[in-house]
Participant: 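Below are the structure tokens for one structure; questions will follow.
Residue numbers start at 1 and run along the sequence shown. Everything numeric in this text was worked out from a predicted model, so none of it was measured.
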Amino acid sequence: TINVTNDFSIADNLIIAQIETGAIGNAGDINISANNISLDNFALVSSNAASDSVGTAGNVNLNANDTITISNGAVVDALTENEFNGGDITINANNLDLLSGGKIVTASENIGNAGDISLNIKDNLVINNQNPPDGSPFDEPILQEIEFQTGIFANTFPGSTSNGGNIFIKGNSLDLQDQGYILSET
């Protein structure tokens with residue numbers, strides 16, 4: 001859990017709760033609260049369960065008094081590559097900006113179901129896919145598949161026998177620009 005009085009910002013860094021391949025147990029939850037939250041330049045906030053592990057991915061919760069910005073290839077995800085369900089992602093903020101390859105992802109690559117995404121945005125949600133960065137440092141197949149996209153994804157990987165998650169959005173306005181995505185897919 002990270003509680004910051006002012007602003008929280010990461011770029012080019014990782015916050016991960018993971019069950020590694022071959023491990024038994026559950027990944028922990030990730031909770032971040034601040035006035036503003038900025039994830040930039042391939043920053044990653046992730047709770048996941050690797051293949052051949054036994055246990056569930058944790059949940060990711062981001063809470064901002066004002067704005068959350070996820071941009072330039074940054075990712076917030078809760079993934080499952082094993083037989084258990086993936087974690088949920090909940091975001092509470094006045095404004096949420098997903099820009100230039102920024103994405104929120106729940107996904108499954110096996111028989112566990114993808115988690116749900118719940119966005120409680122008091123004012124504006126903007127998804128703008130203008131100028132997503134080239135290349136991605138992330139090796140998860142589901143992230144490679146959506147590498148040049150910006151948006152909200154609750155998917156399953158091709159060949160998976162599971163269900164994509166639900167996406168719940170509550171807000172005052174939604175602005176999709178330059179092929180921004182909201183996608184729940186099985």
Side-chain angles (χ1 to χ4, degrees), residues 1-18 27-48 57-79 86-107 115-140 142-143 146-154 165 167-183:
T1 298
I2 299 171
N3 292 310
V4 178
T5 304
N6 292 315
D7 297 339
F8 175 80
S9 177
I10 62 171
D12 243 348
N13 283 292
L14 314 171
I15 298 174
I16 298 176
Q18 179 180 34
D29 292 341
I30 297 174
N31 301 295
I32 301 173
S33 297
N35 191 48
N36 293 290
I37 297 172
S38 175
L39 309 175
D40 190 40
N41 197 28
F42 298 110
L44 176 67
V45 175
S46 176
S47 183
N48 65 70
N59 300 313
V60 177
N61 303 294
L62 302 181
N63 299 290
N65 296 329
D66 193 11
T67 300
I68 296 174
T69 304
I70 303 169
S71 58
N72 296 312
V75 176
V76 174
D77 72 30
L79 308 178
D88 297 328
I89 297 174
T90 301
I91 294 182
N92 300 297
N94 281 341
N95 302 290
L96 174 61
D97 297 327
L98 300 174
L99 310 171
S100 303
K103 53 188 66 73
I104 299 167
V105 183
T106 60
D116 294 334
I117 299 172
S118 298
L119 306 178
N120 303 300
I121 310 304
K122 292 180 183 173
D123 291 323
N124 304 309
L125 169 57
V126 175
I127 303 173
N128 186 332
N129 194 44
Q130 184 177 14
N131 300 320
D134 290 334
S136 171
F138 308 121
D139 60 1
E140 291 86 355
I142 195 72
L143 296 180
I146 58 174
E147 174 181 1
F148 299 110
Q149 298 170 355
T150 302
I152 304 161
F153 306 88
I167 299 172
F168 304 99
I169 299 173
K170 180 180 177 184
N172 188 42
S173 72
L174 170 61
D175 189 3
L176 293 170
Q177 302 171 3
D178 293 310
Q179 299 179 346
Y181 279 83
I182 299 173
L183 181 64

Participant: Quick check: closest heavy atoms across P132 and F148, and the distance to 0.1 Å?
Facilitator: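 Heavy atoms of P132 and F148 come nearest at CG-O, 3.5 Å.
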Participant: Quick one: pull up CD1 in I30 and CD1 in I15 and give me the separation to the nearest 0.5 Å.
Facilitator: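 Spacing of CD1 (I30) from CD1 (I15) equals 6.5 Å.
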Participant: Out of the candidates T69, D40, T150, only one should pair with L99 under the side-chain contact (heavy atoms from CB on, under 4.5 Å) rule; please name it.
Facilitator: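 Exactly one pass, corresponding to T69.
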Participant: If you measure from CD on E140 to CD1 on I146, what distance do you get to the nearest 0.5 Å?
Facilitator: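 Nearest 0.5 Å value for the CD-CD1 distance: 10.5 Å.
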Participant: Would you give the length of the straight line joining atom CG of N31 to atom CG of N3, rounded to the nearest 0.5 angstrom?
Facilitator: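 Output value for this atom pair is 8.0 Å.
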Participant: Against L98, only a single residue in V126, I152, V76 fulfils side-chain contact (heavy atoms from CB on, under 4.5 Å); can you say which?
Facilitator: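 Of V126, I152, V76, side-chain contact (heavy atoms from CB on, under 4.5 Å) with L98 is met by I152 alone.
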Participant: What's the verdict on side chain to side chain contact (heavy atoms under 4.5 Å, CB included) for V45 and V75, showing C-alpha distance, side-chain angles and the deciding distance?
Facilitator: CA-CA 6 Å; V45 175; V75 176; over 6 Å; no
Participant: Report the C-alpha distance between L44 and F138 in whole Å, list the side-chain angles of each, state the deciding distance to 0.1 Å, and finish with yes or no for side chain to side chain contact (heavy atoms under 4.5 Å, CB included).
Facilitator: CA-CA 9 Å; L44 176 67; F138 308 121; 3.7 Å; yes
Participant: Is there a donor-acceptor pair closer than 3.5 Å between any side-chain N or O of K122 and the backbone N or O of A93?
Facilitator: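 No, because the side chain of K122 does not come within donor-acceptor range (under 3.5 Å) of the backbone of A93.
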Participant: So which atom in N59 and which in S47 form the shortest heavy-atom distance, rounded to 0.1 Å?
Facilitator: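 What the structure gives for the nearest pair is N-OG, 4.3 Å.
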Participant: What are the two closest heavy atoms between I91 and I68, and how far apart are they?
Facilitator: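 Heavy-atom minimum between the residues: CG2-CD1, 3.5 Å.
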Participant: Is the closest side-chain heavy-atom distance between L125 and D175 below 4.5 Å?
Facilitator: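 A side-chain contact is absent here, since even the closest heavy-atom pair is not under 4.5 Å.
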Participant: List the steps and the verdict of side chain to side chain contact (heavy atoms under 4.5 Å, CB included) for I32 and N63.
Facilitator: CA-CA 6 Å; I32 301 173; N63 299 290; over 6 Å; no
Participant: Taking the side chain as every heavy atom from C-beta outward, state whether I104 and L119 have any atom pair closer than 4.5 Å.
Facilitator: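 Yes, side chains in contact.
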Participant: Taking C-beta and beyond as the side chain, do D88 and I117 meet within less than 4.5 Å on heavy atoms?
Facilitator: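 Result no, sub-4.5 Å side-chain heavy-atom pair not found.
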Participant: Would you say N36's side chain and T67's backbone share a donor-acceptor pair under 3.5 angstrom?
Facilitator: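 Between the backbone of T67 and the side chain of N36 there is a qualifying donor-acceptor contact (under 3.5 Å).
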Participant: Under the criterion side chain to side chain donor-acceptor pair (under 3.5 Å), I'd like the reasoning laid out for N92 against N120: C-alpha separation, chi angles, the key distance, then a yes or no.
Facilitator: CA-CA 5 Å; N92 300 297; N120 303 300; 2.8 Å; yes
Participant: Indicate yes or no: at least one non-hydrogen side-chain atom of F8 is less than 4.5 angstrom from one of I2.
Facilitator: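 Answer yes - side chains close enough.
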Participant: How about N94 and I121: do any of their side-chain heavy atoms sit closer than 4.5 Å?
Facilitator: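 A side-chain contact is absent here, since even the closest heavy-atom pair is not under 4.5 Å.
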Participant: Using every non-hydrogen atom in the two residues, find where P133 and G101 come nearest and quote the distance to one decimal.
Facilitator: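 Nearest heavy atoms, P133 then G101: CD-CA, 4.2 Å.
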Participant: Any donor and acceptor pair, going by atom type alone, linking the side chain of N95 with main-chain N or O of N124 inside 3.5 Å?
Facilitator: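 Checked: pair present.
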Participant: To check you understand the geometry: which heavy-atom pair defines the closest contact between A11 and A43, and what is its length?
Facilitator: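 Shortest heavy-atom separation between A11 and A43 comes out as CA-CB, 4.3 Å.
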Participant: Of the options L176, D97, D178, which is the one that meets N128 in a side-chain contact (heavy atoms from CB on, under 4.5 Å)?
Facilitator: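 Looking at L176, D97, D178, the match for N128 under the side-chain contact (heavy atoms from CB on, under 4.5 Å) is D178.
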Participant: Checking N129 against Q179: is there a side-chain donor and acceptor pair closer than 3.5 Å?
Facilitator: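 Note: Q179 and N129 side chains miss the donor-acceptor criterion.
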Participant: Looking at CD of Q149 and NZ of K103, how far apart are the two atoms once the value is rounded to the nearest 0.5 Å?
Facilitator: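 That separation rounds to 7.5 Å.
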Participant: I would like to know whether N35 and D66 meet side chain to side chain donor-acceptor pair (under 3.5 Å); could you show each step before the answer?
Facilitator: CA-CA 6 Å; N35 191 48; D66 193 11; 5.5 Å; no
Participant: Test N48 against S46 for side chain to side chain donor-acceptor pair (under 3.5 Å), laying out the working first.
Facilitator: CA-CA 6 Å; N48 65 70; S46 176; 3.0 Å; yes
Participant: To check you understand the geometry: which heavy-atom pair defines the closest contact between D116 and T106, and what is its length?
Facilitator: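 Of all heavy-atom pairs spanning D116 and T106, the closest is O-CG2, 3.9 Å.
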Participant: To the nearest 0.5 angstrom, please state how far the CD1 atom of I70 sits from the CG atom of L39.
Facilitator: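 If we round to the nearest 0.5 Å, I70:CD1 and L39:CG are 5.5 Å apart.
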Participant: Evaluate N41 against D12 for side chain to side chain donor-acceptor pair (under 3.5 Å), listing each step before the verdict.
Facilitator: CA-CA 5 Å; N41 197 28; D12 243 348; 3.3 Å; yes
Participant: Looking only at side chains, do S100 and N131 share a donor and an acceptor under 3.5 Å apart?
Facilitator: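 Checked: S100/N131 side chains show no N/O donor-acceptor pair below 3.5 Å.
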